[in-house]
Amino acid sequence: MSRQSGSTTHHSSVGVGPKFVPALSEDEAIGQARLLKALADPTRLRILSLLSRYEGEVCVFEIVESFTLEQPTISHHLRILRDAGLVDCRKKGLWAYYYVRREALNRARDVISGIVS
């Protein structure tokens with residue numbers, strides 16, 4: 001096998017910025033991706049739907065009861081939703097009561113709108 005040697009030309013100019021610049025910084029993109037990733041799961045969407053439907057606080061026991069999944073799996077999904085800021089909970093005795101954080105859902109809507117427009 002023979003290799004041809006030749007010069008390659010680069011099309012970059014010194015001191016010239018890129019023609020196109022993303023509207024998001026790297027940190028903003030990471031935060032928004034985390035939010036959207038939390039939404040991109042059928043179980044988590046169903047949990048959000050349940051919590052939205054029954055405004056106020058829903059006991060983790062009642063959430064588990066509403067699904068065919070085991071408690072550790074539901075807890076895993078709730079942790080992801082909490083980490084993304086979509087839900088929060090209050091402890092009352094032995095139980096945790098979850099609720100939707102509306103401002104986070106509004107932020108998710110704004111992220112999607114920003115991409116579309």
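Numbers here simply count residues along the sequence, with the first being 1. Since the model is a prediction, treat every value here as computed from it, not as a measurement.
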Pairwise side-chain contact, Asp41 with His77, heavy-atom cut-off 4.5 Å (strictly under): yes

side-chain hydrogen bond (donor to acceptor under 3.5 Å, both in side chains) partners of Glu28, counting only residues at least two apart: Ser25

Which residues share a side-chain contact (heavy atoms from CB on, under 4.5 Å) with Arg34, sequence neighbours left out: Asp83

Sequence neighbours excluded - ring-ring contact (aromatic ring centres under 6.0 Å, His included) pairs with any residue from residues 56-75: Phe61-Trp95

Within one Ile-Leu-Val-Met-Phe-Trp-Tyr cluster: Leu45 and Leu81, side-chain cutoff 4.5 Å: yes

Any pair counted as side chain to side chain donor-acceptor pair (under 3.5 Å), so long as it reaches residues 67-76, sequence neighbours left out: Gln71-Ser75, His76-Arg79

Pairing residues for Ile112 by the side-chain contact (heavy atoms from CB on, under 4.5 Å) criterion, not counting sequence neighbours: Leu36, Val116

side-chain contact (heavy atoms from CB on, under 4.5 Å), paired with Ser66, selected from Val58, Ile74, Leu50: Leu50

Ile80 with Ile63, same ILVMFWY side-chain cluster at under 4.5 Å: no

For Tyr54, ring pair (Phe, Tyr, Trp, His ring centres under 6.0 Å) partners two or more places apart: none

Partners passing side-chain hydrogen bond (donor to acceptor under 3.5 Å, both in side chains) against Arg102 (at least two apart in sequence or in another chain): Glu55

Val100 side chain near Leu86 side chain, heavy-atom distance below 4.5 Å: no

Which residues share a side-chain hydrogen bond (donor to acceptor under 3.5 Å, both in side chains) with Arg109, sequence neighbours left out: Asn106

Inter- and intrachain pairs under ring-ring contact (aromatic ring centres under 6.0 Å, His included), touching residues 21-41, at least two apart: none

With sequence neighbours excluded, residues passing side-chain contact (heavy atoms from CB on, under 4.5 Å) with Arg107: Leu35, Ala104

Minimum side-chain heavy-atom gap Tyr97-Val60 below 4.5 Å: no

Between CG on residue Leu78 and CZ on residue Arg44, distance to nearest 0.5 Å: 10.0 Å

Side-chain touch Ile30/Glu26, heavy atoms, less than 4.5 angstrom: yes

side-chain contact (heavy atoms from CB on, under 4.5 Å) partners of Tyr99, counting only residues at least two apart: Glu57, Asp88, Arg90, Arg101

